[in-house]
Amino acid sequence: MGQKQFIESSRDQGGIVFRPGLEGVPVTHSAICDIDGIQGKLSYRGYSIEELASQSTFLETTYLLIWGELPNPQQLRDFEEEVQRHRRVSFRVRDMMKCFPATGHPMDALQSSAASLGLFYSRRAIDDPQYIYDAVVRLIAKIPTMVAAFQLIRKGQDPIQPRDDLAYSANFLYMLTEREPDPLAARILDKCLILHAEHSLNASTFSARVTASTLTDPYAVVASAVGTLAGPLHGGANEDVLAMLEEIGKPQNAANFLQKAITSKTKVMGFGHREYRVKDPRASILQGLAEELFARFGKDEMYEVAKAVEDESLLNLASKGIYPNVDFYSGLVYRKLGIPRDLFTPVFAISRVAGWLAHWREQLGANRIFRPTQIYTGFSGRSWAPPEDRSMKESN
Ligand code: COA
């Protein structure tokens, strides 16, 4: 039986409606992030993404997401100082990372390193607000250090230590590129981190909540979410967008490329979203950030190709509610910031850890272990037979 027939046949079986991928099925209440996919609006804790991206910082937004309110000046100072103090990772973590194969994907390196933190901070006291605060600080502080460390280690270099005089995003770019970044570049990365910090119950956040619901430690929660984010259907479409733009090559090829994609039902990378029927508000902000960067550091020639693809898409994809998503312009921004292509998803993870931890805390506040059900489609009542008595057909 094909999957489609199976879906149809299993509807309304004993009152159970089967929704593959849980599409449209609410599985939690949440007060963290609201998406209006028709109006193209996104807000964190009631604050619009536009306002946060223009006024806030990544660390302030992280605090807002996790504790529900913007911090007062003392809370913000304390949080920033704590994060700064915990940026270093143990030499044991660095040594462990030196044993990772240099050809391995940075997301796999990050998942392993994040999980290893649970070994170093093995006390599990998820009822203790101080434990929660400390775990948040450690994860927010150390994930960028681990991403940058793997980048240098795989090039055969020693990781460099964080610099206490640099703010969060500037320090990450410094650890990655070994150069103090231009303040504009650091500010734009910080805005990118705000834009990617949270997006309701996507696959990795759901994964985080499922793991959290077992009452395990936050390092396991983040490691499972990193593993989920690594898949090509979730993080990583921005890498494919750059490849696609390079394949198109010139703005004048955009119309032909789109027509071919539509005829052959090939997905145009960086377009479409389960939640949005209009242009993703983050894509509009990222496009503005790309333009700011290009005005200062020179244009990426693929930007004109991207704009031509977007213009053409208005003629043939927009009628289906398919518009640029967050990944369409982010790769161009990251490339201009000097971030290697296979680090785009780890940079996404650096940011999304804020959302995962907000959901971890929310899940703990009203926990019920996730344990969905299934519709069994296998055999029943079979009898075991010794191998020599099994026909080929049966063993298939
Ligand atoms: N390019 C062309 N057509 C697209 C499209 C795209 N990027 N995304 C969706 N469509 C079309 C589908 O072909 C389908 O058309 P049909 O009804 O004629 O068959 C229709 O829109 C619905 O597509 P579907 O895949 O069911 O939508 P979804 O909500 O499940 O998919 C995505 C959402 C994000 C998975 C999908 O749009 C996609 O794969 N986009 C490209 C990858 C990407 O940019 N991912 C990053 C997401 S932030």
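In each ligand, atom 1 is the first atom listed, and ligand 1 is the first ligand listed.
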Task: Sole candidate of Y276, F328, Y329 that passes ring-ring contact (aromatic ring centres under 6.0 Å, His included) when paired with F271 - done: F328

Task: D240 vs K267, salt bridge (charged side-chain N to carboxylate O under 4.0 Å, His left out): CA-CA, chis, key distance, verdict - done: CA-CA 11 Å; D240 298 334; K267 293 268 172 72; over 6 Å; no

Would you mind listing each N/O atom of ligand 1 next to any protein N/O under 3.5 Å, plus the distance?
unit_1   : atom_1 : unit_2 : atom_2 : d
ligand 1 : 1 (N)  : V268   : N      : 2.8
ligand 1 : 7 (N)  : V268   : N      : 3.4
ligand 1 : 7 (N)  : V268   : O      : 2.7
ligand 1 : 7 (N)  : F271   : O      : 2.8
ligand 1 : 15 (O) : K320   : NZ     : 3.1
ligand 1 : 18 (O) : K265   : NZ     : 3.0
ligand 1 : 18 (O) : K320   : NZ     : 2.9
ligand 1 : 19 (O) : K265   : NZ     : 3.3
ligand 1 : 25 (O) : K267   : NZ     : 2.8
ligand 1 : 29 (O) : R274   : NE     : 3.1
ligand 1 : 30 (O) : R274   : NE     : 3.2
ligand 1 : 30 (O) : R274   : NH2    : 3.1
ligand 1 : 37 (O) : F271   : O      : 3.4
ligand 1 : 40 (N) : F271   : O      : 2.9
ligand 1 : 44 (O) : G270   : N      : 2.9
ligand 1 : 44 (O) : N325   : ND2    : 2.9

TODO: Hey, can you tell me if Y334 and F344 have their rings parallel, tilted or perpendicular (30° and 60° cut-offs)?
DONE: tilted

TODO: Fit a plane to each ring of W67 and Y133, take the angle between them on a 0 to 90° scale, and name the class: parallel (under 30°), tilted (30 to 60°) or perpendicular (over 60°).
DONE: tilted

Open item on the list: Taking the six-membered ring of F370 as reference, does the cationic atom of R209 (NZ for Lys, CZ for Arg) lie under 6.0 Å from its centre and within 45° of its axis?
Closed with: no

Open item on the list: I need the minimum non-hydrogen distance between V309 and I248, along with the two atoms involved.
Closed with: CG2-CD1, 3.6 Å

